[in-house]
Amino acid sequence: MPTPLYDAVKKYADQEPFRFHMPGHKGGPVPLMAELKWMTPIDLTELPPTGNLYEGGEPFASAQALWAKEFGFEYCQFLTGGSTQGIHTGLALCCPPGSKVLVDRNCHRAVFNAMALLDLEPIYLERPWLGEESLIGPISPETVENMLCQCPKIKTVCITSPTYAGVLSDVGTISRLVHAHGGKLFVDGAHGAHLPFLGLAPFWEADGVVVSAHKTLPTLGQGALLFTNGMDPDRVRQLASVFGTSSPSYPIMASMDTAREWMVKWGHHDYRRTALRVAQLREQFPSLREKRLSLDPTRFVLSVQNGPAFTRALEKRGVYPEMEDGGHVVFICTPFDNSFSLSALERRLEELREQMGPCPPIPAPPLPEQAMSPRQALFAPSRVWPLEDCEGEVAACQIAPYPPGVPVVAPGEVISKKSLAYLKQIGYNIKSEVRIAAL
């Protein structure tokens with residue numbers, strides 16, 4: 001299969017033209033950064049041979065069409081601002097400014113920023129709390145339908161699938177329910193760019209989905225993909241340009257082009273081997289498993305007694321996981337975790353086995369009271385204050401442990417005693433300062 005974008009930029013670079021255009025390095029080495037010498041020749045700008053991301057045409061039309069075909073969508077838009085850019089673009093495509101939106105409470109902070117920018121009114125969709133696992137579960141299609149029946153004016157639903165722990169919701173069923181109510185479903189699938197290559201259909205029938213290619217595929221940082229159905233591609237490009245840089249990185253975009261080619265030819269086989277290896281790790285150590293849940297087969301979520309302490313012990317042994325909370329450590333596994341690194345992980349986990357097992361029960365995050373709109377709170381006069389002294393104040397920012405970047409308290413919500421207790425229990429730095437509305 002071809003790599004249209006990479007081929008175009010490589011052809012231009014191989015001609016060794018006189019580059020009287022940006023970027024400033026002109027295709028030569030970047031001083032003091034010899035590691036980048038392979039990349040600078042294809043670090044280009046919008047030229048007739050290299051195309052323009054936001055104007056359509058070649059080589060982007062062909063490169064994006066190949067991605068759309070793999071994911072089963074009508075259109076794909078390359079993004080160099082990560083899934084954040086895709087979330088902002090997707091919600092702008094689906095929601096008229098000032099409208100109501102049914103929002104998964106487990107959404108990334110980028111969704112909350114998008115609601116403020118677009119002046120959207122959130123109606124929150126609570127997820128079930130899995131008490132045994134102390135994790136957020138999948139969204140129930142029945143809950144979505146009940147909320148749409150209660151609030152018939154809602155025409156956009158925004159959910160996250162998979163979660164940071166790899167929990168998948170039934171997007172196909174939810175999509176059909178939303179469409180039956182005349183609405184659109186937008187999915188933050190940031191952590192699921194690899195799933196279609198494993199033979200799964202995690203985003204079936206959604207109207208829009210954004211995935212972070214850089215999170216789980218061999219793509220440079222910030223590379224993301226926005227997939228859409230039933231939307232004018234010109235409108236998608238227009239709004240993507242509103243929320244993204246006018247100088248998108250060609251190396252990032254070319255790496256998405258080549259990542260797809262590699263995944264189609266070889267990577268999907270390697271990813272299946274990774275999934276088998278993760279299944280073995282799940283059997284060896286206490287971890288999140290597919291009992292009553294649908295999971296990303298390559299996400300390894302270890303159960304431990306004390307997440308931060310366990311992670312520090314791993315780091316002393318040269319192992320750096322993706323994230324931890326009070327009772328879990330999350331490992332992102334891809335084909336580039338070779339047999340040597342996975343065996344090394346296994347040995348180090350054996351050394352710490354006595355620290356594994358169920359953590360003290362963690363309650364579900366409290367649902368705060370909304371005092372003002374996200375837009376009012378985010379743009380209101382504000383002041384910085386110690387979090388521990390903020391009981392009763394209105395947040396002017398997201399109070400969101402990162403990762404996973406899911407707000408416990410969102411802009412416009414009251415910082416309650418329950419919220420402060422929850423943040424302390426999950427290990428969030430209670431002495432940190434936050435921004436509150438200066439009412």
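Predicted, not measured: the structure shown is a model, and the values here were computed from it. Each residue takes its place number in the sequence, starting with 1.
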Residues which pass side-chain hydrogen bond (donor to acceptor under 3.5 Å, both in side chains) with [X], listed by chain and number, not counting sequence neighbours:
{"X": "Asn146", "value": "none"}
{"X": "Asp7", "value": "Thr3"}
{"X": "Asn113", "value": "Gln398"}
{"X": "Glu393", "value": "none"}

[X] bridged to [Y] by N-O distance under 4.0 Å:
{"X": "Arg237", "Y": "Glu55", "answer": "no"}
{"X": "Glu346", "Y": "Arg277", "answer": "yes"}
{"X": "Glu133", "Y": "Arg292", "answer": "yes"}

Of the non-hydrogen atoms in Gly357 and Pro286, which two are nearest, and what is the gap between them?
-> N-CG, 3.9 Å
Nearest heavy-atom pair of Leu225 and Cys76: which atoms, and what distance?
-> CD2-SG, 3.7 Å
Partner set under side-chain contact (heavy atoms from CB on, under 4.5 Å) for [X], not counting sequence neighbours:
{"X": "Glu145", "answer": "Cys149, Leu177, His181"}
{"X": "Pro297", "answer": "Leu195, Leu198, Leu200, Ala275"}
{"X": "Ser416", "answer": "Lys418, Ser419"}
{"X": "Trp266", "answer": "Trp262"}

Are side-chain heavy atoms of [X] and [Y] found at a separation under 4.5 Å?
{"X": "Pro308", "Y": "Asn306", "result": "yes"}
{"X": "Val384", "Y": "Val434", "result": "no"}
{"X": "His214", "Y": "Leu220", "result": "no"}
{"X": "Val394", "Y": "Ile436", "result": "no"}
{"X": "Thr298", "Y": "Thr334", "result": "no"}

Summary of salt bridge (Lys or Arg N to Asp or Glu O under 4.0 Å) pairs that have at least one residue in residues 403-417, sequence neighbours excluded = Arg105-Glu413
Decide whether [X] and [Y] meet the rule of one side-chain donor and one side-chain acceptor closer than 3.5 Å.
{"X": "Ser212", "Y": "Ser83", "answer": "yes"}
{"X": "Tyr164", "Y": "Glu322", "answer": "yes"}
{"X": "Arg435", "Y": "Ser382", "answer": "yes"}
{"X": "Glu126", "Y": "Tyr124", "answer": "no"}
{"X": "Thr50", "Y": "Glu46", "answer": "no"}

Quick one: list whatever passes ring-ring contact (aromatic ring centres under 6.0 Å, His included) with Phe73, sequence neighbours left out.
-> Phe227
ring-ring contact (aromatic ring centres under 6.0 Å, His included) filter on Phe310, not counting sequence neighbours, yields none
Can you give the donor-acceptor pairs under 3.5 Å from side chains of residues 360-370 to other protein atoms, not counting sequence neighbours?
{"unit_1": "Gln370", "atom_1": "NE2", "unit_2": "Met372", "atom_2": "O", "d": "2.6"}

Taking the side chain from His328 and the backbone from Glu324, do they hold a donor-acceptor pair closer than 3.5 Å?
-> no
Decide side chain to side chain contact (heavy atoms under 4.5 Å, CB included) for Tyr250 and Leu5; before the verdict, give the C-alpha distance in whole Å, the side-chain angles of both, and the deciding distance to 0.1 Å.
-> CA-CA 9 Å; Tyr250 275 78; Leu5 178 58; 4.3 Å; yes
Apply salt bridge (charged side-chain N to carboxylate O under 4.0 Å, His left out) to the pair Lys291 and Glu132, showing each step before the final yes or no.
-> CA-CA 12 Å; Lys291 302 173 186 175; Glu132 183 180 342; 3.6 Å; yes
